[in-house]
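Structure first, commentary second.
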Amino acid sequence: MHYRPEEIEAKWRKHWNESGLYRIQEDSSKPKYYVLDMFPYPSGAGLHVGHPLGYIASDIFSRYQRMKGFNVLHPMGFDAFGLPAEEYAIQTGIHPAKSTEQNMETYRRQLRDLGFSFDWDREVQTCAPEYYKWTQWIFTQLFDHVYDQEADKAVHVSNLVAHLEQHGTDSLPYACEEELTFTASEWQGYSPKEKSDVLMNYRLAYRKIGYVNWCEELGTVLANDQVKDGLSERGGHPVIQKPMTQWYLRITAYAQRLLDGLEDLEWSDALKTMQRNWIGRSEGAQVFFDIDGSEEKIEIFTTRPDTIFGATYMVLAPEHELVQRLTTDEQRASVEEYVSKVMSKSEIERMAEREVSGVWLGAYAINPMTDERIPIWIGEYVLKDYGTGAIMAVPSDDDRDHNFAEKFDLPIIQVIDKSAHPNATRSDKVGKLINSGFLNGLEVKEAISKACEVIEERQRGKAQINYRMRDANFSRQRYWGEPFPIVYDTNGIPSALSVEHLPVELPATDNFKPAKDESPLARMQEWVNELPGYTRETDVMPAVAGSSWYYLRYMDPANNDALASDAAIKYWKDVDLYVGGAEHAVAHLLYARFWHKFLYDMGKLPTQEPFKKLINQGMIQGVIEFIHLDKRQEEGMRRFVSAELAEREGAEHFVKIPVHVSFVSDYGSDQSYLSEQGIKEFSAWRKEYTHATFEGVDSSAEMKDGSLVAITPDFKMTTSSEVGKMSKRLFNVINPDDVISQYGTDCFRMYEMFLGPIEQSKPWDTNGIDGVYKFLKKFWRLFVDDHGLIASSEEASAEELKILHTCIKKINGDVEKFSFNTCISALMICTNSLRDLTKLSQSTKEDLTKLIAPFAPHLADELWSILGHQSSVHLESFPSHEESYLTEDSIEYPLCINGKKRAMASFPADMQKSDLEKAALTHDGLSKWLEGSTVRKVIVVPGRMINIVVG
RNA sequence: GCCGAAGUGGUGGAAUUGGUAGACACGUUGGAUUCAAAAUCCAAUGCUAGCAAUAGCGUGAGGGUUCGAGUCCCUCCUUCGGUACCA
């Protein structure tokens, strides 16, 4: 009998499926354990080889925990709303619901083929109305709640209204966008619309103006991802930053709790640090600066109020609302030119810009401490959404301010004497204050609190805690997402729909193109005006909405009366182990924590944190191939050139367009290129480039209306290759199906684990998969030969037990550490050693089968049945090792001279330190190293090594 | 730019967390088996010098701490992830 994965794997999957082996119920007799995978976006390219890395790891752990006696919840579903399906619909006219359903079907099949122990009865899809009913419901609750900063929790908006009725804004404890001041009687006099606008300022889900990537040509908002070098990735049209009213979620109200909650989580320090830095708590001062000749004030936040005497100019973000009003006529032309230049850049480009740039508005502010007139500038290094969008610039103690002042010749006043700290850099918070009036002589720390005191005393501001994190833009002017459960009355007053009106289903359409200046839904007038007297919100929610709470839905996926029943939530509580990519480190993981805390505040959940333990799997990377499009030639004939030509003419003139790796010859190498066939495939694929020339170093081709009109012989246009994400958007997806059909699922699973630690990223490569396949065959042959099951010995030998239990010990330890690659090495070593023995006992064979069961589940169940069992090996308990089988009589010691190994010697395991020292000094192999030198010291680490220091 | 991570043979990686660097595999070379091939098995394999015993060098680069550094500290380089509308 040979090892035939294609036969046994299909058989066992069918069997598991029919017997419902992985179906799970709440069971109070067993401890619960919830293993969650980050669910996939069902892309059209199918599951790629990177997805399973985490899924295999979590499946191994789930199976292991089950065998350790836990009731394990291990579900899977789909993050099914998103941009790619919509883009695909725009290009092909195929409805996103249809393509998404097809893609999910493919994913389901592929996931089943991987032999995962998912309970498929619990599958969720974020695009299903039964699911997004509850996404919408959570949104209505966010809309109806405000954040009470004194109670430190979310409370119903009626509390705010009651407060305003009685006290106006006096000592109002609710988190808000803008500090408002009015009395109770003023509030009572407001119109319903005015009241609504005021409440909007406090709601956890609220509307305000935000900046979006606007592409006039395409008439739509683009994702950052779809913008390259200020041009749209599709078509290469200009993109600007445009203000638009958007829904936001007030995650900033939860900033401190999100920070504090990290303490007790079993997440990597790196991940916690990333979240802490993203939240970015800083203590400092809010300060108002007067403007010379104007009633307006500039509000700034600074962490260094001590340096205020050194503030010699101010910088506003170019999109700051005061810019228009403060600009003088002489400066207007250059200011406008600068603003429009900056608005064509993305935030990342602005932050990454090394060259210092800015323009003076012509206006002056007054330094509140020195009463000096200081010029007001705008500069791209100040971002609108960070802090207040304005800074006081202190060139003496801030690097970027310093560079700016040097470039524009602005005054620099030294305000801190750092002579006592010779190694301190410009921004270090050390030294004694100078040139700073009442602060002179104070240390920085004292000066900060003194400055805050005086600022407050003079009513120029106050001490303040600031967070770098911003509220989340929750609007998308798109089709394929959750509609908002919001309607507007004839006065434009928004209200949330109650749960009996949910879900608000996404209306059917066959036109997914953006409506000029509006969301695609705005075109569907019948739907918009469905409720008499009201119009519907036409934005949709972002993909992050559905993924912020899906882990709760798995607990009770079919519930139509609540997001999940109280009983299910009480039993499963939270996720014990969450496995997913590091690319979600801040966005998804912060939003989900935020929603979880909000639902906790509402009394819906018993825990404050959703994910107790988290492992980041590394990414299996792909090779991305780019071709170079000339930016200078935007109209008519597009011009593509080879990598060398782009380099020669200057890379800044070219946009790198990712191409499908299957079009590229010698893909992944330094010499990858598009051949004649390649450019034909390319232009058939990207219709917007059917009019184009393709230039290689000494060959060229021309395409008109998609057909080749001219080409030189041996055409070759080189592409540039990069290692990066495997993603449909980059057209470099490698699918696991082929690997599985060749080697089988068990082999694929083990190979992905064998590649290295799961948290490490590496490019996909099948070198070495043969080794794993050979191992499985060898393992199989420990049990079965040409005549069937090999006869077993009566009793296990001592050597057999030692080999087996060494492996059991290693695997138990390594699985707990999620070190699966070394588990597989241990199984290989164990198999190689056992092969040298003539006969194995039945109990050894059974233990081996259980050991490999989490890794190669099909193989294990086949061997288990060959060993004579009726039920599944996956219902057995995992073996634990017996220490007494492992004892050694002697230990091999390395003998070192000055830390270098010079000889080996075997000594009894129980030999004392002093005896080891003596034995080492008289060891034959060391005599030539000890001759003629004095022994200074001997270091003996029992069980480890012996080191002799000579001099 | 900022935040986080990773750099070890020809390749993927291992190293009890400061104690024998290169486990386990892939690849390569040689051999066995075979009419032949596949499959399987055995042996060698970090680099340099040497017939060999052996010696020197060696964990991205440079410096430091230590009896001893892949592991700890400092500076730098490269690659990857995130950077708020990919998911």
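In what follows, every heavy atom counts, from backbone to side chain, and hydrogens, waters and symmetry copies are set aside. Every chain is numbered from 1, with letters handed out A, B, ... down the list of sequences.
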- Query: Which residues, if any, of residues 542-551 of chain A bring a heavy atom under 4.0 Å of RNA chain B?
  - Reply: Ala543(A)
Using nucleotides 63-72 of chain B, report all nitrogen or oxygen pairs with the protein that are shorter than 3.5 Å.
from    : atom 1 : to        : atom 2 : distance (Å)
rC67(B) : O2     : Asn947(A) : ND2    : 2.5

Integer-rounded Å distance: [N] [atom2] and [X] [atom1]:
X         : N       : atom1 : atom2 : answer
Glu353(A) : rG1(B)  : CD    : P     : 11 Å
His51(A)  : rC86(B) : NE2   : C1'   : 12 Å
Glu347(A) : rC3(B)  : CD    : C1'   : 15 Å
Phe775(A) : rC26(B) : CZ    : P     : 12 Å

- Message: Counting the atoms with a prime plus P, OP1 and OP2 as sugar-phosphate, which does Met469(A) contact under 4.0 Å by heavy atoms, base, sugar-phosphate, or nothing?
- Response: base
- Base, sugar-phosphate, or nothing: which does Met351(A) touch, judged by heavy atoms less than 4.0 Å apart? base
- Message: Checking Asp79(A) now: which residues fulfil side chain to side chain contact (heavy atoms under 4.5 Å, CB included) with it, not counting sequence neighbours?
- Response: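 Listed in chain order: Phe39(A), Thr126(A), Ser547(A).
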- All side chain to side chain contact (heavy atoms under 4.5 Å, CB included) counterparts of Asp398(A), not counting sequence neighbours: Arg400(A), Asp401(A)
- With sequence neighbours left out, what residues match Glu233(A) under salt bridge (charged side-chain N to carboxylate O under 4.0 Å, His left out)?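 By the salt bridge (charged side-chain N to carboxylate O under 4.0 Å, His left out) rule, Glu233(A) matches Lys228(A), Arg729(A).
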- Under the salt bridge (charged side-chain N to carboxylate O under 4.0 Å, His left out) test, residues paired with Glu380(A) that sit two or more places apart: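 Glu380(A): salt bridge (charged side-chain N to carboxylate O under 4.0 Å, His left out) contacts with Lys345(A).
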- Message: I'd like to know if Gln477(A) reaches the base of rC85(B) with its side chain such that a donor and an acceptor end up less than 3.5 angstrom apart.
- Response: yes
- Query: Taking N and O atoms by type only, does the side chain of Arg944(A) place a donor or acceptor under 3.5 Å from a partner on the base of rU20(B)?
  - Reply: no
Extract from the structure each pairing of a protein N or O with an N or O of nucleotides 7-15 of chain B at less than 3.5 Å, listing the distance.
from    : atom 1 : to        : atom 2 : distance (Å)
rG12(B) : O2'    : Leu755(A) : O      : 2.6
rG13(B) : O5'    : Leu755(A) : O      : 3.2
rG13(B) : O3'    : Asn821(A) : ND2    : 3.3
rA14(B) : OP1    : Asn821(A) : ND2    : 2.8

- Message: If you assign each of Ala826(A) and Ala582(A) to its closest nucleotide in RNA chain B, which residue comes earlier from the 5' end?
- Response: Ala826(A)
- Message: Can you work out whether Thr766(A) or Phe39(A) has the more 5'-proximal nearest nucleotide on RNA chain B?
- Response: Thr766(A)
- Item | Residues forming a ring pair (Phe, Tyr, Trp, His ring centres under 6.0 Å) with His48(A), sequence neighbours excluded |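 His48(A) satisfies ring pair (Phe, Tyr, Trp, His ring centres under 6.0 Å) with His51(A) only.
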- Query: Can you list the residues that meet the ring pair (Phe, Tyr, Trp, His ring centres under 6.0 Å) rule with Phe484(A), with sequence neighbours excluded?
  - Reply: Phe139(A), Trp247(A)
- Would one find a side-chain N or O of Asn832(A) under 4.0 angstrom from OP1 or OP2 of rA25(B)?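 Indeed, a polar side-chain atom of Asn832(A) lies that close.
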On a whole-Å scale, what distance lies between the [atom1] atoms belonging to [N] and [M]?
N       : M       : atom1 : answer
rG58(B) : rC76(B) : P     : 24 Å
rG18(B) : rG70(B) : C1'   : 11 Å
rU8(B)  : rG1(B)  : P     : 23 Å

- Reading nucleotides 53-60 of chain B from 5' to 3' and marking B where a protein heavy atom lies under 4.0 Å of the base, S where only the sugar-phosphate is that close, and - otherwise, the string is -SSS----
Write down the protein N/O and nucleotide N/O pairs, taken from nucleotides 40-49 of chain B, whose separation is under 3.5 Å; answer none if there are no such pairs.
from    : atom 1 : to        : atom 2 : distance (Å)
rU40(B) : OP1    : Lys777(A) : NZ     : 3.4
rC41(B) : OP1    : Arg835(A) : NH1    : 3.2

- Item | Range-with-range stems of RNA chain B (Watson-Crick or G-U pairs under 3.5 Å, three or more in a row) | B:1-7 with B:77-83, B:10-12 with B:24-26, B:27-32 with B:40-45, B:46-49 with B:54-57, B:60-64 with B:72-76
